[in-house]
Amino acid sequence: MNNKKSDIKTFDIDHCQLVDLPKISDPRGNLTFIESSKHTNFDIKRVYYLYDVPGGADRGGHAHKELQQIIIAMSGSFNVEIDDGRKKKLHHMNRSYYGLYICPMIWRSINNFSSGSVCLVLASRHYDESDYIRDYSEYLKNIPLLK
Ligand code: TYD
């Protein structure tokens, strides 16, 4: 990954970039692998996935104070909307060999899931509710303190 560990606290959507994952193409089916700290700029502490998402559902809609994540469309497609309080960007995820890196203190929503899609998230920390900011106005209030 291009982001250096020292960059990750700048809370800017420009640091949320697509990660090109290795892809072994094969007529029998392609293979992608991810090695913690080699293809990610954090140690992977947790993996979770969203699946059986009904049409029109909106997941996410929160920010994390410390958590770093990489979001991958394992199957199908969905949109990831990222917002740093000044700028917003939409990533349409539809390839399982790209990951979207999300640095801390980015507001993110995931929506427009295609039928049967699976959203995989690699996370730098164990689950911790106190790391969440779930209220957008609270998020905006917290940004100046952290910059
Ligand atoms: P949440 O992260 O709030 O998902 P979303 O913002 O998409 O709705 O998680 C939903 C619920 O799942 C919440 O009650 C916390 C729980 N959860 C865990 O217990 N462990 C986890 O690793 C995650 C991601 C969620």
Side-chain angles (χ1 to χ4, degrees), residues 1-134 136 139 142-143 146-147:
M1 285 196 61
N2 291 332
N3 291 332
K4 292 189 207 98
K5 288 196 175 171
S6 56
D7 286 341
I8 60 171
K9 291 216 174 224
T10 49
F11 313 129
D12 189 315
I13 56 169
D14 293 340
H15 291 90
C16 300
Q17 290 173 356
L18 284 177
V19 184
D20 220 345
L21 299 167
K23 179 183 175 192
I24 312 291
S25 300
D26 191 305
R28 299 170 299 159
N30 300 331
L31 183 153
T32 286
F33 55 93
I34 303 161
E35 295 187 15
S36 183
S37 298
K38 184 168 174 187
H39 304 110
T40 63
N41 61 357
F42 53 83
D43 290 334
I44 299 169
K45 289 268 180 58
R46 177 167 55 109
V47 176
Y48 68 92
Y49 36 98
L50 302 170
Y51 55 99
D52 291 346
V53 180
D58 205 326
R59 301 297 312 232
H62 58 247
H64 288 277
K65 296 172 195 165
E66 297 284 342
L67 189 76
Q68 300 176 71
Q69 309 157 75
I70 292 180
I71 299 178
I72 302 167
M74 293 302 284
S75 180
S77 64
F78 48 81
N79 291 342
V80 183
E81 294 179 12
I82 52 174
D83 174 345
D84 62 14
R86 293 153 296 160
K87 293 173 284 169
K88 295 181 189 206
K89 195 166 177 179
L90 187 149
H91 286 273
H92 182 62
M93 305 297 292
N94 62 356
R95 294 281 178 261
S96 33
Y97 50 86
Y98 285 133
L100 177 64
Y101 170 75
I102 313 253
C103 64
M105 286 305 287
I106 299 292
W107 189 265
R108 64 124 169 111
S109 303
I110 312 177
N111 53 41
N112 198 25
F113 287 88
S114 69
S115 167
S117 58
V118 180
C119 170
L120 181 83
V121 182
L122 310 176
S124 65
R125 293 165 63 104
H126 294 153
Y127 174 74
D128 174 8
E129 185 59 34
S130 71
D131 188 59
Y132 281 76
I133 302 176
R134 294 190 181 274
Y136 189 69
Y139 166 70
N142 273 275
I143 294 174
L146 291 159
K147 274 191 181 146

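Remember, predicted model here, so these are calculated numbers, not experimental data.
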Worksheet item: In chain order, what residues pass the salt bridge (charged side-chain N to carboxylate O under 4.0 Å, His left out) check against K89, with sequence neighbours excluded?
Response: none
Worksheet item: What pairs with H91 under ring-ring contact (aromatic ring centres under 6.0 Å, His included), at least two apart in sequence or on another chain?
Response: none
Worksheet entry | Spacing of CD belonging to E35 relative to CG belonging to L21, to within rounding of 0.5 Å | 11.5 Å
Worksheet item: Distance from I44 atom CD1 to I34 atom CD1, nearest 0.5 Å?
Response: 6.0 Å
Worksheet entry | Interatomic distance, D43 atom CG to L122 atom CG [nearest 0.5 angstrom] | 12.0 Å
Worksheet, complete the sentence: Residues at least two apart in sequence or cross-chain that pass side-chain hydrogen bond (donor to acceptor under 3.5 Å, both in side chains) with D83, listed by chain then number, are Y136
Worksheet item: Sequence neighbours excluded, which residues qualify as salt bridge (charged side-chain N to carboxylate O under 4.0 Å, His left out) partners of D26?
Response: R28
Discussion item. Which residues pass the side-chain contact (heavy atoms from CB on, under 4.5 Å) test with S124, not counting sequence neighbours?
Written reply: F42, L67, Q68
Only distances under 3.5 Å count here; give the side-chain donor-acceptor pairs of residues 69-82 to other protein atoms, sequence neighbours excluded, each with its distance to 0.1 Å.
unit_1 : atom_1 : unit_2 : atom_2 : d
Q69    : OE1    : R108   : NE     : 3.1
Q69    : OE1    : R108   : NH2    : 2.8
N79    : OD1    : H92    : ND1    : 2.7
E81    : OE2    : N111   : ND2    : 3.2

Discussion item. Looking at every non-hydrogen atom in both residues, tell me the closest pair between R46 and H126 and how far apart they are.
Written reply: NE-C, 3.5 Å
Discussion item. When you compare the side chain of K65 with that of I133, does any pair of heavy atoms fall below 4.5 Å?
Written reply: yes
Worksheet entry | D12 vs K87 side-chain heavy atoms within contact, under 4.5 Å | yes
Worksheet entry | Nearest-0.5 Å distance that lies between atom CE in M93 and atom OG in S114 | 12.5 Å
Worksheet item: Please walk me through it: do R59 and F113 pass side chain to side chain contact (heavy atoms under 4.5 Å, CB included)?
Response: CA-CA 10 Å; R59 301 297 312 232; F113 287 88; 3.9 Å; yes
Worksheet item: Of all heavy-atom pairs between Y139 and A63, which one has the smallest distance, and what is that distance?
Response: CD1-CB, 3.6 Å
Item to complete: Just jot down the side-chain contact (heavy atoms from CB on, under 4.5 Å) partners of Y49, sequence neighbours excluded, or say none.
Response: Y51, V118, L120
Worksheet item: Looking at residues at least two apart in the chain, or sitting in another chain, which of them share a side-chain contact (heavy atoms from CB on, under 4.5 Å) with Y97?
Response: K23, T32, R95
Worksheet entry | Side chains of K88 and W107 in contact at under 4.5 Å (non-hydrogen atoms) | no
Worksheet item: Would L31 and F33 count as a side chain to side chain contact (heavy atoms under 4.5 Å, CB included) if you check the C-alpha gap in whole Å, the side-chain angles of each, and the deciding distance to 0.1 Å?
Response: CA-CA 7 Å; L31 183 153; F33 55 93; 3.9 Å; yes
Worksheet entry | Under 3.5 Å: donor-acceptor pair, side chain of D84, backbone of I106 | no
Worksheet entry | For S25, side-chain hydrogen bond (donor to acceptor under 3.5 Å, both in side chains) partners two or more places apart | none
Response to the item:
Applying side-chain hydrogen bond (donor to acceptor under 3.5 Å, both in side chains) to N94 and not counting sequence neighbours gives none
Worksheet entry | Residues that D58 engages under salt bridge (charged side-chain N to carboxylate O under 4.0 Å, His left out), provided they are two or more places apart | none
Worksheet item: Are the side chain of K45 and the backbone of Y127 linked by a donor-acceptor contact shorter than 3.5 Å?
Response: no
Practice prompt. Any chance you could measure F11, atom CZ, to C16, atom SG, to the nearest 0.5 Å?
Written response: 11.0 Å
Worksheet item: Taking the six-membered ring for Trp, are Y101 and H15 ring centroids under 6.0 Å apart?
Response: no
Worksheet item: Which residues pass the side-chain hydrogen bond (donor to acceptor under 3.5 Å, both in side chains) test with D20, sequence neighbours left out?
Response: none
